[in-house]
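Take a look at the structure set out below.
Read the numbers this way: they start at 1 and go in the same order the structure lists the ligands and their atoms.
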Amino acid sequence: MPYDVPFVPTPEVVVRRMLQLANVKRGEVVYDLGCGDGRIVIMAAREFGAQAACIEIRKDLYEQTLRRVKDLGLEDRVHVIYGNFFEEDLSEADVVTMYLLTSVNERIKPKLERELKPSTRVVSHDFEVPGWKPLIVEDLYEEWRSHKIYLYKILGLEIPVPVSDLEERLKSVQLNEKYLEVLELIDGNRSIEEISYKMQLTIRSVRNIVSELMKQGLIKEVRVVK
Ligand SMILES: C[S@@+](CC[C@H](N)C(=O)[O-])C[C@H]1O[C@@H](n2cnc3c(N)ncnc32)[C@H](O)[C@@H]1O
């Protein structure tokens, strides 16, 4: 099968800057499209405390990355997938990194727009995503040439909506204080991003709390406005 992009590694200094610009936080999920030798996911796990995954279509590179991950004892924090990134589910990502080509970015764009949650950051080395407006474009001189980093954010809001008989249902449910504080902020207008900001929690942990509250029958739905 022809590969969409040849293997060219991103210099380590550029990788670190990409992850910094994307503001990767401990526990967040980082996906790299095309592992290469695994340097992006390895740094994301080791230096940023992320849960990382990468997808690689070339068997030799997949095996090389898997070996590095095992040698470093990172198997529980880095998931190496042998496959085509056009066919894998990316919806768990908080951050997506790419070093592809403008033409490939253009082809993957509809999948990113469809699958990624609002507030997911997409950071691309050297090639822009045509039609998207970057939050930041940074130039870095490294290994005898200039490297561009494009940072994007998936726009839109996820708005949790409480059930109409919340008061009644709360009488039969035991919730800890943090869950109660989150629930108090859920009014069908506030977004998960706003709640995470107010509570000083990561978006991921607010999403987890919301899905737990949903299981308990206290949240009716999460409206997604893209
Ligand atoms: C330019 S390299 C970047 C490697 C790494 N992300 C980095 O920045 O150091 C692109 C990688 O994507 C892989 N690749 C190309 N097309 C792919 C596809 N459709 N699915 C998965 N991997 C692919 C290539 O084999 C190569 O390892």
Donor-acceptor pair between Asp139 and Ser146 side chains, under 3.5 angstrom: yes

Contact residues of ligand 1, where a non-hydrogen atom lies under 4.0 Å away: Asp4, Val5, Pro6, Phe7, Val8, Pro9, Thr10, Asp32, Gly34, Cys35, Gly36, Arg39, Ile40, Ile55, Glu56, Ile57, Arg58, Leu61, Gly83, Asn84, Phe85, Tyr99

Side-chain donor-acceptor pair present, Gln64, Arg67, cut-off under 3.5 Å: no

Pairs flagged by disulfide bond (SG atoms under 2.5 Å apart) wherever residues 177-226 is involved - sequence neighbours left out: none

Heavy-atom closest pair, residues Phe7 and Gly36: CE1-CA, 3.3 Å

Side chain proximity check, Tyr99 to Val8, heavy atoms < 4.5 angstrom: yes

Closest contact, heavy atoms only, Leu90 versus Glu115: N-OE1, 2.8 Å

